[in-house]
Amino acid sequence: MDWNQAYLDRNTPWDKGVASPVIVELLPEIPMDAKIVVPGCGTGNDINAILHRNPALVIGFDIAPEAISHLNARFASNPIVKPLLGDFLQCGPDYKASVDVVVEHTCFCAIPVAMRPAYAKTCASILRPGGKLIGAFYWMPRDTDDMSVGPPFQTSEAELLEHFSRYFTLDTRVATVGFPERLGREFRVVMTRRPDTNDEASLRSV
Ligand SMILES: C[S@@+](CC[C@H](N)C(=O)[O-])C[C@H]1O[C@@H](n2cnc3c(N)ncnc32)[C@H](O)[C@@H]1O
């Protein structure tokens, strides 16, 4: 998937122009003054909603230069938002245990399935003990790879447990809010970083 080309072509059916209703519902999980990372943040619709929680800093990662230039323009006057061009999966060493909240929305389902252990490990690496990974995890596309339905790779509750439970306690339920075509097809997830797995040895064992 050439994400940058999709943004250049304005072929971005996942971008609804507003925050995910699931993320909006989860906003109270975000403490005020938090340092927040949004992986695969696209054009920043969720970041816009997150700003209502008066964060200290919101770092938006995206691998597509076109998405980052959109973010730079959109939040030019807001020093709280830091758009970063790059691979979220590489940011672990830079943010080690320093982040309060990671907000996931259609990034986990967009990376190749083989990279999911690295995604979980990166979230675990950057979150402080007790920090939270909250989000909407897309789980059940219809029997199609039609991108207007949603991003490419589905998941399951069992898979979320497999990848994340070594680092997090999980509260996973089927979201009762959502964009109409995704309703009933997303998990609303709150994960809390366990303090007992915050050592290099366990992180290396992935
Ligand atoms: C389906 S889009 C969702 C964008 C945004 N979350 C939204 O809902 O509008 C997936 C996004 O993840 C970005 N992406 C894919 N792999 C990435 C990676 N390894 N690191 C950072 N961003 C990535 C893509 O460029 C794209 O913007």
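Any value given below was found using the heavy atoms of this structure, including those in side chains, with hydrogens, waters and symmetry copies removed. Note that ligands are numbered from 1 as they come in the structure, with each ligand's atoms numbered from 1 the same way.
Atom numbering of ligand 1 starts at 1 in the shown order; those under 4.0 Å from a heavy atom of Tyr7 are 4 (C), 26 (C), 27 (O). Atoms of ligand 1 found under 4.0 Å from any heavy atom of Ala64 (numbered from 1 in listed order, with element): 25 (O). Listed by atom number, the atoms of ligand 1 under 4.0 Å from Ala110 heavy atoms are 10 (C). Heavy-atom contacts of Ile111 reach the following atoms of ligand 1: 16 (N) (cutoff under 4.0 Å). Remark: ligand 1 atoms within the under-4.0 Å shell around heavy atoms of Asp87 are 18 (C), 19 (N), 20 (N).
Within the 4.0 Å heavy-atom shell around ligand 1 one finds Gly86. Using a 4.0 Å heavy-atom cutoff, Cys41 is listed among the residues neighbouring ligand 1.
Under the 6.0 Å cut-off for aromatic ring centres, Phe187 and Phe108 do not qualify, their centroids lying 6.0 Å or more apart.
When heavy-atom distances to ligand 1 are checked against a 4.0 Å cut-off, Phe88 comes that close through both its backbone and its side chain.
Evaluated for a ring-ring contact (aromatic ring centres under 6.0 Å, His included) with Trp14, the options Tyr138, Trp3, Phe179 yield exactly one hit, Trp3.
An N or O contact shorter than 3.5 Å is missing between Asp46 and ligand 1 by distance. The N/O atoms of Gly40, backbone and side chain alike, include one that comes under 3.5 Å of an N/O atom in ligand 1. Some N or O of Thr106 is nearer than 3.5 Å to an N or O of ligand 1, by distance alone.
Residue Leu170 holds its CG atom at 8.5 Å from CD of Glu157, rounded to the nearest 0.5 Å. With rounding to the nearest 0.5 Å, the separation of CG in Leu8 from CD in Glu66 is 4.5 Å.
In this comparison of Trp3, Phe179, Phe108, the heavy atom closest to atom 24 (C) of ligand 1 sits on Trp3.
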Pairs under 3.5 angstrom only: tabulate donor-acceptor contacts from the side chains of residues 17-24 to other protein residues two or more places apart or in another chain.
{"from": "Ser20", "atom 1": "OG", "to": "Val22", "atom 2": "N", "distance (Å)": "3.0"}
{"from": "Ser20", "atom 1": "OG", "to": "Ile23", "atom 2": "N", "distance (Å)": "3.3"}

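Under a hydrophobic clustering in which Ile, Leu, Val, Met, Phe, Trp and Tyr are joined whenever their side-chain heavy atoms come within less than 4.5 Å, directly or via other members, Val177 and Val103 fall into the same cluster.
Between the side chain of Arg74 and the main chain of Thr43, a donor-acceptor pair closer than 3.5 Å is present. Counting only distance, with no hydrogens or angles, the side chain of Asp100 and the backbone of Ile36 share no donor-acceptor pair below 3.5 Å.
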